[in-house]
Amino acid sequence: MRFGFVTCVELGLSCMEEIYQASGRLHLALTLPDEKARKKSGRVYLDDFCRRRGIPLFKYPNINDPDAVETIRANEIDWLFIIGWSQIARKPVLDAVKRGAIGMHPTLLPRGRGRAAIPWAIIKGLEETGVTMFQLDEGVDSGPILAQERLPLSADETATRLYRRVAQAHRNLIGRAWPRLIDDSLSPQPQDDAEATYWEGRRPQDGRIDEDMVVAQADRLIRATTRPYPGAFIDAAGKRFRIWQSQAASDPERTTRIQVDKTTGSLLFRLKDGWLESPDWEEEEQPPPEQP
């Protein structure tokens with residue numbers, strides 16, 4: 001059985017490391033050219049890892065380029081992992097692999113197809129989420145399920161913590177599935193499309209905290225968009241206040257919407273039904289209004 005891997009981010013590299021922890025082997029790796037996506041969150045370079053393990057490494061700006069497809073086909077890959085890769089693998093890529101391409105999605109599919117899975121799980125107040133290993137098809141997160149790991153969510157879950165748990169779940173799934181990939185005993189289970197839900201992508205400006213939000217709503221938004229995401233924010237008095245952490249505050253009986261506690265340095269801000277305070281915040285210049 002021959003395996004390939006496509007990634008350009010730390011999460012994918014950690015999964016490659018897990019394969020070798022399981023005494024596995026990769027026969028091909030594909031990544032972006034060095035000059036591409038340098039500012040991409042979690043961007044990594046695979047050269048050292050592949051050189052130390054004798055893995056042929058190829059660099060293409062798009063996984064769907066004819067040269068990339070031909071490289072996959074020429075290396076006679078049975079299973080191709082595509083993890084942490086923003087481009088959708090089209091039919092020629094899927095057809096170039098003998099058994100299939102494998103992706104990971106940080107929800108319990110078929111629920112939560114789409115984008116921004118970690119922030120949405122917190123914003124929606126879910127009691128659990130998870131990670132799904134699935135076989136890629138021509139749809140969006142719609143292919144047959146190979147394995148899942150469930151992750152309960154606490155009432156104070158943050159994106160920082162959930163991101164780490166999701167990363168570990170990726171490794172766990174690789175470790176569990178690897179022996180069954182080797183002996184070809186995995187049995188893909190079709191998704192129930194009737195149960196599918198779709199989550200939209202999120203933009204940095206979606207982190208805006210409005211004055212008409214209630215405390216619970218704003219707190220979820222802050223926890224959902226904290227590091228490694230762009231963070232929630234309040235615009236006031238020509239400044240942008242970036243909020244990374246919050247906690248409930250008693251009503252300080254103040255008249256202004258937002259102010260700094262001179263004793264603790266925390267930022268206090270008013271919402272529709274109460275106050276929050278943040279011990280971890282930053283002040284920025286407020287950007288100009290968005291153009292319609």
**Student:** Within the supplied structure, the quantity of interest is the number of heavy atoms (other residues, nucleotides, ligands) at a distance under 6.0 Å from Glu282 CD; does it exceed 12?
**Tutor:**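 Yes, the 6.0 Å shell around CD holds more than 12 heavy atoms from other groups.
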
**Student:** Could you tell me if the side chain of Arg227 sits less than 4.5 Å from the side chain of Asp280, heavy atoms only?
**Tutor:**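 Yes, at least one pair of side-chain atoms sits under 4.5 Å.
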
**Student:** Could you walk me through whether Met16 and Phe81 pass side chain to side chain contact (heavy atoms under 4.5 Å, CB included), step by step?
**Tutor:** CA-CA 9 Å; Met16 295 173 74; Phe81 291 93; over 6 Å; no

**Student:** Please, which pairs that meet side-chain hydrogen bond (donor to acceptor under 3.5 Å, both in side chains) have at least one residue in residues 74-96, sequence neighbours excluded?
**Tutor:**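 Output for this query lists Asp78-Arg99, Trp85-Gln87, Lys91-Asp95.
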
**Student:** Tell me, do Phe134 and Asp141 make a side-chain contact under 4.5 Å, heavy atoms counted?
**Tutor:**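 A side-chain contact under 4.5 Å exists here.
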
**Student:** So, taking the atom named CZ in Arg208 and the one named CD1 in Ile234, what distance separates them when rounded to the nearest 0.5 Å?
**Tutor:**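 The CZ atom of Arg208 sits 10.5 Å away from the CD1 atom of Ile234.
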
**Student:** Could you go through the side chain to side chain contact (heavy atoms under 4.5 Å, CB included) check for Phe49 and Leu57 one step at a time?
**Tutor:** CA-CA 10 Å; Phe49 182 89; Leu57 175 64; over 6 Å; no

**Student:** Looking at Arg171 and Glu18, does any basic side-chain N land under 4.0 Å from a carboxylate oxygen?
**Tutor:**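 Yes, charged N to carboxylate O under 4.0 Å.
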
**Student:** Would you sort out whether Asp219 and Ser246 count as a side-chain hydrogen bond (donor to acceptor under 3.5 Å, both in side chains), showing the intermediate values?
**Tutor:** CA-CA 6 Å; Asp219 178 64; Ser246 66; 2.8 Å; yes

**Student:** Less than 3.5 Å apart, any donor N or O on the side chain of Gln245 or Ser278 sitting next to an acceptor on the other?
**Tutor:**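 No.
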
**Student:** Within the 4.5 Å heavy-atom criterion, are Leu221 and Ile123 side-chain neighbours or not?
**Tutor:**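 Yes, side chains in contact.
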
**Student:** OG1 of Thr226 to CZ of Arg242: how many Å apart, nearest 0.5 Å?
**Tutor:**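 So the OG1 of Thr226 and the CZ of Arg242 are separated by 11.0 Å.
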
**Student:** If two hydrophobic side chains count as joined below 4.5 Å and joins carry through other members, does Ile145 share a cluster with Ile82?
**Tutor:**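 Yes, one cluster joins them.
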
**Student:** Quick one, Lys59 and Asp47 - any side-chain contact, counting heavy atoms below 4.5 Å?
**Tutor:**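 Side chain of Lys59 against side chain of Asp47, heavy atoms only: contact under 4.5 Å found.
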
**Student:** For Val97, which residues count as a side chain to side chain contact (heavy atoms under 4.5 Å, CB included) partner, sequence neighbours excluded?
**Tutor:**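 Result, side chain to side chain contact (heavy atoms under 4.5 Å, CB included) vs Val97: Ile72, Ile77, Leu80.
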
**Student:** Got more than 12 heavy atoms from elsewhere within 6.0 Å of NZ, Lys124?
**Tutor:**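 Atom NZ in Lys124 is crowded, with more than 12 foreign heavy atoms closer than 6.0 Å.
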
**Student:** Spell out, yes or no, whether Leu28 and Ile83 are grouped together once hydrophobic residues are joined by side-chain heavy atoms under 4.5 Å, including indirect joins.
**Tutor:**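 As far as the 4.5 Å side-chain criterion goes, Ile83 and Leu28 are not connected within one cluster.
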
**Student:** Using 0.5 Å steps for rounding, measure from the CD1 atom of Ile118 to the CZ atom of Arg115.
**Tutor:**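 Interatomic distance, Ile118 CD1 to Arg115 CZ, rounded to 0.5 Å: 13.0 Å.
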
**Student:** Carefully, step by step, assess Leu46 and Phe5 under the rule side chain to side chain contact (heavy atoms under 4.5 Å, CB included).
**Tutor:** CA-CA 11 Å; Leu46 307 182; Phe5 212 107; over 6 Å; no

**Student:** Would you please classify the geometry between the Trp199 ring and the Trp120 ring as parallel, tilted or perpendicular, with 30° and 60° separating the classes?
**Tutor:**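 Tilted: the ring planes of Trp120 and Trp199 meet at 30° to 60°.
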
**Student:** Is the backbone of Pro152 close enough, under 3.5 Å, to the side chain of Glu127 for a donor and an acceptor to pair up by distance?
**Tutor:**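 Here the side-chain-to-backbone pair does not exist.
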
**Student:** Are more than 12 heavy atoms, taken from residues, nucleotides or ligands other than Glu200, located less than 6.0 Å from that residue's CD atom?
**Tutor:**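 Not buried by this count: 12 neighbours or fewer within 6.0 Å.
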
**Student:** Would you name the heavy atoms of Lys40 and Gly84 that are closest together and state the gap between them?
**Tutor:**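 Here Lys40 and Gly84 meet closest at CE-O, 4.2 Å.
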
**Student:** Identify the heavy atoms of Ala232 and Ile222 that sit nearest to each other, and give their distance.
**Tutor:**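 The answer is CB-CG1, 3.8 Å.
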
**Student:** Can you sort out the partners of Glu285 under side chain to side chain contact (heavy atoms under 4.5 Å, CB included), two or more places apart, ordered by chain and number?
**Tutor:**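 Testing Glu285 for side chain to side chain contact (heavy atoms under 4.5 Å, CB included), a comparison that skips the adjacent residues, returns Lys239.
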
**Student:** According to a hydrophobic-cluster definition based on side-chain heavy atoms being under 4.5 Å apart (Ile, Leu, Val, Met, Phe, Trp, Tyr only), do Leu173 and Leu26 belong together?
**Tutor:**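 Yes, one cluster joins them.
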
**Student:** With a 4.5 Å heavy-atom cut-off, do Glu128 and Leu108 have their side chains touching?
**Tutor:**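 Glu128 reaches Leu108 side chain to side chain.
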
**Student:** Rounded to the nearest 0.5 Å, what separation is found between the CD1 atom of Ile182 and the CE atom of Met1?
**Tutor:**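 Spacing of CD1 (Ile182) from CE (Met1) equals 6.5 Å.
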
**Student:** In this structure, would Val6 and Phe58 fall into the same cluster of hydrophobic residues linked by side-chain contacts under 4.5 Å?
**Tutor:**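 Same cluster.
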
**Student:** Enter the distance from Tyr45:OH to Arg38:CZ here, rounded to the nearest 0.5 Å.
**Tutor:**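 If we round to the nearest 0.5 Å, Tyr45:OH and Arg38:CZ are 4.5 Å apart.
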
**Student:** Taking Gly112's backbone N and O only, do any of them form a donor-acceptor pair with His105's side chain (distance below 3.5 Å, no angle check)?
**Tutor:**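 Yes; judged by distance alone, with no hydrogens or angles, the pair exists.
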
**Student:** Could you report the tightest heavy-atom contact between Pro61 and Lys36, atom names first, then the distance?
**Tutor:**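 In terms of heavy atoms, the two residues are closest at CB-CE, 4.3 Å.
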
**Student:** Taking everything shown except Arg176 itself, do over 12 heavy atoms lie less than 6.0 Å from its CZ?
**Tutor:**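 Count over threshold, so yes.
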
**Student:** Is it the case that the side chain of Asn62 and the backbone of Asn64 share a donor-acceptor pair, with hydrogens and angles ignored and the cut-off at 3.5 Å?
**Tutor:**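 Present.
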
**Student:** So which heavy atom on Pro188 is nearest to which on Gln135, and how close?
**Tutor:**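 That would be CG-OE1, 3.8 Å.
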
**Student:** Should Gln217 and Leu271 be marked as a side chain to side chain contact (heavy atoms under 4.5 Å, CB included) after you check the CA-CA gap, both sets of side-chain angles, and the distance that decides it?
**Tutor:** CA-CA 10 Å; Gln217 183 182 10; Leu271 297 152; over 6 Å; no

**Student:** Mind listing the closest non-hydrogen atom pair of Arg257 and Ile209 along with its distance?
**Tutor:**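 Closest approach of Arg257 to Ile209: NH2-O, 3.0 Å.
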
**Student:** Any idea which heavy atoms bring Gly54 and Pro56 closest together, and the distance?
**Tutor:**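 Scanning both residues completely, I find the closest heavy atoms to be O-CD, 3.5 Å.
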
**Student:** Is it the case that one hydrophobic cluster holds both Val166 and Leu109, taking links as side-chain heavy atoms less than 4.5 Å apart, direct or via other members?
**Tutor:**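 Result: no, two separate clusters.
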
**Student:** Does some side-chain heavy atom of Thr158 sit less than 4.5 Å from a side-chain heavy atom of Asp156?
**Tutor:**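 No, side chains not in contact.
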
**Student:** Do Arg240 and Asp235 meet the salt-bridge criterion of a basic N to acidic O distance under 4.0 Å?
**Tutor:**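 Looking at Arg240 together with Asp235, the answer is yes, because their closest N to O distance falls below 4.0 Å.
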
**Student:** Using 0.5 Å steps for rounding, measure from the CD1 atom of Ile63 to the CD1 atom of Ile88.
**Tutor:**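 Here the rounded value is 13.0 Å.
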
**Student:** Taking the six-membered ring for Trp and the single ring otherwise, decide whether the centroids of Phe241 and Phe269 are under 6.0 Å apart.
**Tutor:**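 No: the rings miss the under 6.0 Å criterion.
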
**Student:** Taking Asp48 first and then Arg52, would you say they form a salt bridge - that is, a charged N and a carboxylate O separated by under 4.0 Å?
**Tutor:**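 Between Arg52 and Asp48 there is no salt bridge, as every charged N stays at least 4.0 Å from the carboxylate O atoms.
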
**Student:** Are Glu157 and Arg223 within salt-bridge range, i.e. N to O under 4.0 Å?
**Tutor:**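 No, Glu157 and Arg223 are not salt-bridged.
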
**Student:** Using only atom types and a distance under 3.5 Å, with no angle test, would you say the side chain of Thr225 pairs donor to acceptor with the backbone of Tyr229?
**Tutor:**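 No; judged by distance alone, with no hydrogens or angles, the pair does not exist.
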
**Student:** For the residue pair His27 and Phe3, categorise the inter-ring angle as parallel (less than 30°), tilted (30 to 60°) or perpendicular (more than 60°).
**Tutor:**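 Ring orientation of His27 relative to Phe3: parallel.
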
**Student:** Check whether any side-chain heavy atom of Leu162 sits under 4.5 Å from a side-chain heavy atom of Thr129, and report yes or no.
**Tutor:**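 Leu162 vs Thr129: side chains touch.
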
**Student:** With the side chain counted from C-beta on, respond yes when Met133 and Ile102 share a heavy-atom pair under 4.5 Å apart, and no when they do not.
**Tutor:**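 Side-chain contact under 4.5 Å: yes.
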
